[in-house]
Every structure is written in C-alpha cells, then in structure tokens.
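To keep things clear, I will list the structure first and then write my remarks on it.
Nothing here was measured: the structure is a model prediction, and the numbers come from that model. Side chains included, hydrogens not; waters and symmetry mates left out as well; all remaining heavy atoms used.
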Amino acid sequence: MKISNLFKGDKGIWMVFFFLCVISVIEVFSASSGLTYKSNTFIMPIIKHSGTLIFGVFATVVILNIPCRYFKLMTPFLLVFSAVTLLWVLFAGENINGAQRVINIPGFSFQPSEIAKGTTILAVAQILSAMQLEHGADRKAFKYILWLSGPICFLIMLENLSTAVLLAFVVVLMMFIGRVPMVQLGKLMGLAVACVAFVLIMVMALGHDTHEEEKKVNKTELTAKTKKEPAKKRNAVEKLFHRADTWKTRIMKFTDKKEIPPKDYDLDKDAQVAHANIAIVSSNIIGKGPGNSVERDFLSQAFSDFIYAIIIEELGVVGAAFVALLYIILLFRTGRIANRCENYFPALLAMGLALLLVVQATFNMLVAVGFVPVTGQPLPLISKGGTSTILNCAYIGAILSISRSAKKRDKQVDDEYLTPEIAGDAKIVNE
C-alpha cells in the first residue's frame, strides 16, 4: 500500500495537522518540567504524549476512510453514551481541582464532556440538514436543536462552565450557517443574555470570593481559617452552583484592574496569570528558542491551559502568529470543503467540527494573553491531553473524510459539464 493512499483527503488540512502535531511534541516536551519533576524521569511525559498523538493519528486515518454517510448511524448510540456518562461523572467522577470531570476505569480514564461536544455537533448537523427548505431551515429545527443541546450543555455546565459556553456558542454558529430564521436566533440571543445575567447573579450571590480574602490575610492564615470552619450543609441551589467560588474568584480577578507596583505584586496569589504575562514579556519578540523557557517551571498548567504563553516565550511573536495562522487556515480550508459538498449534512458537520477546534483555540490564546478570564480550555492538538487529543484527531479525520467525498463530487460535476465531443477527445488523450 502506498503512503499517499493512506493519507487521503485535503492536503492543506493534512499539512496543518502535521505542523500542529510537531509543535505539540516540541512544546509539550519543553513545558513538562513539572511532570518531569513528579515522575522523576524527563523522557516519560513526552513518551506518553507522543503515544497519545500516534494513537490520534491512527484514529484520524481510520475515520477518514469511513464514508461520511455512516456517521449518521453513530448518532443515536453516541447520544445515549454521552447522556449516561455525563450523569455518571456528576455522581461518581474523579474530583480534580474541585470539579468532577473525569471517569476513571481501571487502566483508562476519559472526560465525558469531550465526547458530548462532538456528539452534539454531529446531531445538530443531522437535524439542520434533514430540515432544510428552499428558503432556509424549517422553524421546527430550532426547537429540536434546543431540546437536544440544552440538556447536554446544562449537564456539562455543572462541572465545566467554559466548555458548556464554548459548545453553546458553536451550536449557535451552526444554526446561523444552517439558515435558521434570524427571528428565532434573535430571540435565542435575548434568552442567552438573560440566562448569563441570572447565572452571574447567582454566582456573585452564592460564590465566596477568595481573591478578596487573599488581599486581607496571608495564605497561612487563610488555610488555618478554612480548617477551623466546619463544612456547611448545602441546599439544592448551592449544590447546583457548587463551582460558584471558582467562577466568582476568576471574575473578580479579571475585573480587578487596579495597578499594583511590581514590588507589591504577590506571585503566589495569581501565579498562572502572572507567570503567563512574564513569559510573554520576556520573549523579546523573537523568543528564547525551543526548550529555553523559564516560566514553564512556575506555571502549573504550562503543558496544557497555558501552553500558548510558553510558545510565545520560546518562539516569539512570529511563532505565536504562525500557530494562530494554522487554525485560521484550518477554518478556511474546511470552509472550501463545505462549499464543495453536494449535501447539507457533510458541509454542516465539517464546519461544526472546525468551529469547535478553532473557537476553543481562540479561547485558549485569549486566556494566555490576558484578554479573557481563565477558562481551563486546552489548546486543541497542541496541549497535552488524553481524551481531548484523541477526539480532536478524530474530528480532523471526519473533516478529511468529508473532503474526500467533496473532491469526488467535484470530479462528477466536471464530467457533467463536458460535451460528448470534448469528453471523447479527453478519453483519447488519456489513452
């Protein structure tokens, strides 16, 4: 078997995928000093990450060879699996940093929210494609999409607000692309604003702002005070907003624009944002070079949530711009593929998956440079990860599968436009 037959599909998407994987291996290896210290071996973290990427590439190749029409058959099973695992993780998930997001099975762990994201995009694409009329989507499509995506986003929101907001935003973009009536989208935007306002009010009312307390007492006193206070019983509303403390603290830190003199700045109280800013400023435009980061030793999530800050520190503004350009190319190439699709389903699915990757990448990069509050979203296909890395590779495989069918459609269209005389001449030339 030829290698060219193995790596089929859009060459532009493949090149973007290749560059993102190479950057991932280099930067994760550089940014994993914390993991190296914990594991007492410098090579094991990158071996595990490289193994995950290799498995992801294998998943990409397998999925790109599955015809797009078969993706529809997977939707019911994935919806049931997503619903069950999202409920499972709420009651029996592993608690990491105050949130239950991971299900641990002996020898294996995964994040149900990652699977639910792709499943929602798949189902929304199917609904929109099945209900397309001559002048746009049927008005009922809007209702069906809300019934489907609403509960999923709500279940995800209980433990991971940023992921729920990301998914909801992509679903709205898909409805816009899928020609859902603007009146319905306008009403949805109004409802969304009201819901955001309600959530913010509840967070500010129920949340405990540790940021303000940290200003008044030192860390030792705060820890001692926390230990002395008995655990309070929570009512149903407080259980629902049990992550309110984290959300409120992040909001208050982001909105606190008071200038602090460098000599008075406490790096321990806001270490992630502070060291990310130091990494960006110390890059000196041109960067320090791969492997020469200093702030990787101080950033707790240097290999994940804040890897873009390490990229800027090591590769400079040019390297950071190149990474951002790769995601832009991915979106535009996918747009071209969707434009060539004969049917609505593959076009909407390709755009939905590309938007999911690019919007998440945008969130991550904006957090790293301090434009939005910390969200905990990794950089797709670059950050170290397990479930997220493999599923992101699977999304690329689905886009490549769609690009294959789109190219075949292009060839069929070209053949239809050939006159019998030209077609005969072309046959003679080919022979």
Side-chain angles (χ1 to χ4, degrees), residues 74-105 108-127 142-175 188 191-203 206-207 234-248 250 352-353 355-357 359-360 363 375-378 380 385-388 390-392 394-395:
M74 301 162 59
T75 306
F77 303 102
L78 288 173
L79 284 172
V80 172
F81 181 80
S82 296
V84 171
T85 52
L86 284 174
L87 290 171
W88 181 2
V89 79
L90 289 178
F91 297 100
E94 182 181 357
N95 193 306
I96 300 175
N97 296 326
Q100 295 179 192
R101 299 175 182 174
V102 178
I103 291 177
N104 258 328
I105 299 173
F108 180 71
S109 63
F110 67 96
Q111 293 187 52
S113 60
E114 293 296 327
I115 299 173
K117 286 194 303 184
T119 302
T120 304
I121 299 302
L122 180 62
V124 169
Q126 203 163 331
I127 292 172
F142 177 77
K143 178 175 61 176
Y144 295 149
I145 291 172
L146 289 188
W147 284 351
L148 172 78
S149 59
I152 291 177
C153 287
F154 177 75
L155 290 174
I156 294 174
M157 183 197 75
L158 297 178
E159 298 295 337
N160 198 337
L161 178 62
S162 60
T163 298
V165 172
L166 167 69
L167 178 58
F169 183 63
V170 173
V171 168
V172 171
L173 290 177
M174 287 186 69
M175 287 195 285
L188 179 62
L191 178 63
V193 171
C195 288
V196 169
F198 172 75
V199 171
L200 284 175
I201 291 171
M202 296 302 294
V203 167
L206 299 174
R234 294 177 173 179
N235 57 37
V237 176
E238 289 174 333
K239 286 180 180 179
L240 189 64
F241 288 91
H242 70 280
R243 293 275 293 163
D245 291 355
T246 301
W247 299 338
K248 183 174 181 178
R250 287 177 176 178
L353 295 176
L355 285 168
L356 193 62
L357 293 171
V359 171
Q360 181 175 328
F363 264 71
T375 60
Q377 291 296 322
T387 311
S388 60
I390 294 171
L391 287 176
N392 289 336
Y395 299 157

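Pairing each heavy atom of Ile156 with each of Ala164, the nearest pair is CG2-N, 3.8 Å. Across Ser162 and Gln377, no two heavy atoms sit closer than the pair OG-NE2, 2.9 Å. The minimum heavy-atom distance linking Phe91 with Leu87 is given by the pair CD1-O, 3.0 Å. The two residues Thr120 and Ala116 come nearest to each other via the heavy atoms OG1-O, 2.7 Å.
A side-chain contact (heavy atoms from CB on, under 4.5 Å) with Lys117 is found for one member of Leu391, Leu356, Leu353 and no other, namely Leu356.
Under the side-chain contact (heavy atoms from CB on, under 4.5 Å) criterion, Ile390 pairs with Thr52, Phe55, not counting sequence neighbours. In this structure Leu357 satisfies the side-chain contact (heavy atoms from CB on, under 4.5 Å) test together with Leu330, Pro380, Asn392, Tyr395, Ile396, sequence neighbours excluded. Evaluation of the side chain to side chain donor-acceptor pair (under 3.5 Å) rule for Thr119 yields Ser82 as partners, not counting sequence neighbours.
Here the side chains of Ile152 and Leu79 are in contact, with some heavy-atom distance below 4.5 Å. Residues Ser149 and Leu167 have side chains not in contact (no heavy-atom distance under 4.5 Å, counting atoms from C-beta outward).
Between the side chains of Thr387 and Gln111, no donor-acceptor pair is found at a separation under 3.5 Å.
Distance CD1/Ile127 to CG/Leu122: 10.0 Å, rounded to 0.5 Å.
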